[in-house]
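Worksheet: one structure, shown below.
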Amino acid sequence: MPLNIRTYHELTEPDRSGLAQQIAAQRRRVAGRLAAVGQVVAVMSGKGGVGKSFVTAGMARALARAGRSTGVLDADFNGPTAARLLDAPRARLRVDGDAVLPATVADGVRLISMDQLLEDGRPLGFRGPDAESHVWRGSLEAAALREFLADVAWGALDTLLVDLPPGVQRFQELAELLPAAPAVLTVTIPTPESRDAVRRAMRFALERGSRLAGVVENMVGGAFSGSAGDELAAEFGIAVLARIPWHPTPDTWRELALRV
Ligand SMILES: Nc1ncnc2c1ncn2[C@@H]1O[C@H](COP(=O)(O)OP(=O)(O)OP(=O)(O)O)[C@@H](O)[C@H]1O
Ligand SMILES: [Mg+2]
């Protein structure tokens, strides 16, 4: 039997919850919070463990060192790693009136991460029926992203990097909340398996109106063989912005920052 689920667009009776107005108001709030942000760049891969967070942190620090004000929004709510990668495992958020202020961490990067709200090692919790927690978890995470975007006062930023979890779900939520689809920088390792997963993510981002900012090939020169970076770049007509070896030097990051 088909499910008869209506969206709020289809409500014909008077909508006493005011849901449509609430959503419009929140979108305006997000747009206001990001008004002084030059560009939002989502760091995405479609594949887990390829170094999205590592690349986001290295790039953020290099951008900041080059004099560009840079923020990092760690949108991986269940496996937040950005605070540790930015040498600030104990950074805490501050609240000022209706605004949440990002922590200023390594090299002056401004950071918001679930790490700053959760006690050490605790997963993101929620208030609701335990039995159906798998049903609600997705909505809880989408709501957390919405609140971060609506409440965080970044101030003026040249670049806000969004460190996404694997998959495309969080990217989609982000694209729906922002006034315009974010630019997307994809991270791959050299292997064909990574290339195929990243290709799907890139197509998904293109279909949602994102500009592809380039590919970063990570974990180059080690055990992984293949040429995913070059292949994806040729296929999508974009550049390989960097090839990151194991344990890169500051020069590698500086060159990447110049090209973002
Ligand atoms: N070029 C590199 N040199 C040394 N260590 C690296 C490099 N790239 C990634 N790592 C390490 O590999 C691990 C996985 O990287 P990372 O957490 O950035 O991947 P991810 O794509 O963000 O993973 P997830 O999909 O879980 O978010 C981390 O411990 C990270 O520090
Ligand atoms: Mg990560």
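Atoms within each ligand, like the ligands themselves, are counted from 1 in listed order.
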Which pairs of N or O atoms, one from ligand 1 and one from the protein, are separated by less than 3.5 Å, and what is the distance for each pair?
from: ligand 1; atom 1: 1 (N); to: Asn218; atom 2: OD1; distance (Å): 3.0
from: ligand 1; atom 1: 1 (N); to: Pro245; atom 2: O; distance (Å): 3.0
from: ligand 1; atom 1: 3 (N); to: His247; atom 2: N; distance (Å): 3.0
from: ligand 1; atom 1: 8 (N); to: Asn218; atom 2: ND2; distance (Å): 2.9
from: ligand 1; atom 1: 18 (O); to: Ser53; atom 2: N; distance (Å): 3.3
from: ligand 1; atom 1: 18 (O); to: Phe54; atom 2: N; distance (Å): 2.8
from: ligand 1; atom 1: 19 (O); to: Gly51; atom 2: N; distance (Å): 3.0
from: ligand 1; atom 1: 21 (O); to: Gly49; atom 2: N; distance (Å): 3.4
from: ligand 1; atom 1: 21 (O); to: Val50; atom 2: N; distance (Å): 3.1
from: ligand 1; atom 1: 21 (O); to: Gly51; atom 2: N; distance (Å): 2.9
from: ligand 1; atom 1: 21 (O); to: Lys52; atom 2: N; distance (Å): 2.9
from: ligand 1; atom 1: 21 (O); to: Lys52; atom 2: NZ; distance (Å): 2.8
from: ligand 1; atom 1: 22 (O); to: Lys52; atom 2: N; distance (Å): 3.4
from: ligand 1; atom 1: 22 (O); to: Ser53; atom 2: N; distance (Å): 2.9
from: ligand 1; atom 1: 22 (O); to: Ser53; atom 2: OG; distance (Å): 2.8
from: ligand 1; atom 1: 23 (O); to: Gly49; atom 2: N; distance (Å): 3.1
from: ligand 1; atom 1: 25 (O); to: Gly49; atom 2: N; distance (Å): 2.9
from: ligand 1; atom 1: 25 (O); to: Lys52; atom 2: NZ; distance (Å): 2.8

Thinking salt bridges, do Arg243 and Asp230 make one under a 4.0 Å N-O criterion?
yes
Of all heavy-atom pairs linking Lys52 and Pro166, the shortest is CE-N, 3.9 Å
Looking at side-chain heavy atoms only, is the closest gap between Leu63 and Asp158 below 4.5 Å?
no
May I ask you to check whether Thr81 brings an N, O or S atom to under 2.8 Å from the Mg ion (ligand 2)?
no
Taking a hydrophobic cluster as the set of Ile, Leu, Val, Met, Phe, Trp and Tyr residues connected by side-chain heavy atoms closer than 4.5 Å, whether directly or through intermediates, do Val215 and Val198 fall within one such cluster?
yes
Indicate yes or no: at least one non-hydrogen side-chain atom of Phe77 is less than 4.5 angstrom from one of Leu145.
yes
Any cation-pi pair here, Arg146 with Phe148, using under 6.0 Å and within 45°?
no
